[in-house]
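Take a look at the structure below.
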Amino acid sequence: GADRVWPKCSRTPRQAVNFGLSNRGPSWYGDGNCLAWVSVAFSGGQGLGGLLARYVWENAPASAVKAAGDKSPPAGAVCVWNGSIGGGAGHVGISIGKGQMVSATGGAIRIDTIGAYAPGAYYGAMTPSF
């Protein structure tokens, strides 16, 4: 549900995507702050997703719907990479549909192709739980 407010979230997936797309460009949410940025996108506050991006997948609540390896999830799905990237923290972004995501990486909020972003480290996509 693009218009559903998931548990622990204050924004719908559609609102989180719009937040991400409207904030593209240089940002202090650079390397190491992808999870803080996704947490703000869904809940308006930092740190609600845990300490490391990979924890979002590894410690997801039972209510989370996961699609392991899905490189073309619906807009608003949370895309998660394991600890083999990001200095052990992994990476997290928000699907904008058609195999692309918006995320905080490299000192900017930018759009990347999900399947091309560290493909060997990709866990998959899941519903938000921030």
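Computed over heavy atoms, backbone and side chain alike; hydrogens, waters and symmetry mates excluded.
- Atom OG of Ser22 is separated from atom CD of Gln15 by 11.5 Å, given to the nearest 0.5 angstrom.
- Taking 4.5 Å as the limit, every side-chain heavy atom of Ser27 sits out of range of all side-chain heavy atoms of Asn33.
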Show your working on side chain to side chain contact (heavy atoms under 4.5 Å, CB included) between Ile114 and Asp70 and close with a plain yes or no. CA-CA 9 Å; Ile114 295 168; Asp70 186 353; over 6 Å; no

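- What you find for Ser103 and Trp37 is that their closest heavy atoms are CA-CZ3, 3.8 Å.
- When the side chains of ILVMFWY residues are joined at heavy-atom separations under 4.5 Å, either directly or via intervening members, Met101 and Val80 end up in two distinct hydrophobic clusters.
- Applying the side-chain hydrogen bond (donor to acceptor under 3.5 Å, both in side chains) definition to pairs two or more places apart or across chains, those involving residues 58-68 are Arg54-Glu58, Glu58-Tyr123.
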Evaluate side-chain hydrogen bond (donor to acceptor under 3.5 Å, both in side chains) for His91 paired with Thr105, printing each intermediate quantity in order. CA-CA 9 Å; His91 185 67; Thr105 188; 4.8 Å; no

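- A single hydrophobic cluster is seen to contain both Phe42 and Trp57, as judged by linkage of ILVMFWY side chains at heavy-atom distances under 4.5 Å, directly or through other members.
- At distances below 3.5 Å, at least one donor-acceptor pair connects side-chain atoms of Arg11 with backbone N or O atoms of Val40.
- The salt bridge (Lys or Arg N to Asp or Glu O under 4.0 Å) contacts involving residues 112-127 comprise Arg110-Asp112, where partners must be two or more places apart or lie in separate chains.
- Closest heavy-atom contact between Gly44 and Ser10: N-OG, 4.2 Å.
- Smallest separation of non-hydrogen atoms from Gly90 and Cys34: O-SG, 4.5 Å.
- Under a hydrophobic clustering in which Ile, Leu, Val, Met, Phe, Trp and Tyr are joined whenever their side-chain heavy atoms come within less than 4.5 Å, directly or via other members, Val56 and Val65 fall into different clusters.
- Summarising the geometry of Val78 relative to Pro128, their closest heavy-atom pair is CG2-CA, 3.8 Å, with the distance given to 0.1 Å.
- Within the 4.5 Å cutoff, side-chain heavy atoms of Val102 are placed close to those of Ile109.
- Tyr122 and Leu35 are members of different hydrophobic clusters when ILVMFWY side chains are connected at heavy-atom separations under 4.5 Å.
- Under the 3.5 Å distance criterion, the side-chain polar atoms of Trp81 are left unmatched by any main-chain donor or acceptor of Gly86.
- Note: the hydrophobic cluster containing Met126 also contains Ile96 (ILVMFWY, side chain heavy atoms under 4.5 Å, direct or indirect links).
- Counting heavy atoms from C-beta on, the side chains of Ile94 and Phe19 never come closer than 4.5 Å.
- The main-chain N or O of Pro74 is found under 3.5 Å from a side-chain atom of Ser95 such that the two form a donor-acceptor pair.
- In this structure, the side chain of Thr113 does not engage the main chain of Gly99 through any donor-acceptor pair within 3.5 Å.
- Although no hydrogens or angles enter the test, the distance criterion places no donor-acceptor pair under 3.5 Å between the side chain of Ser129 and the main chain of Ala64.
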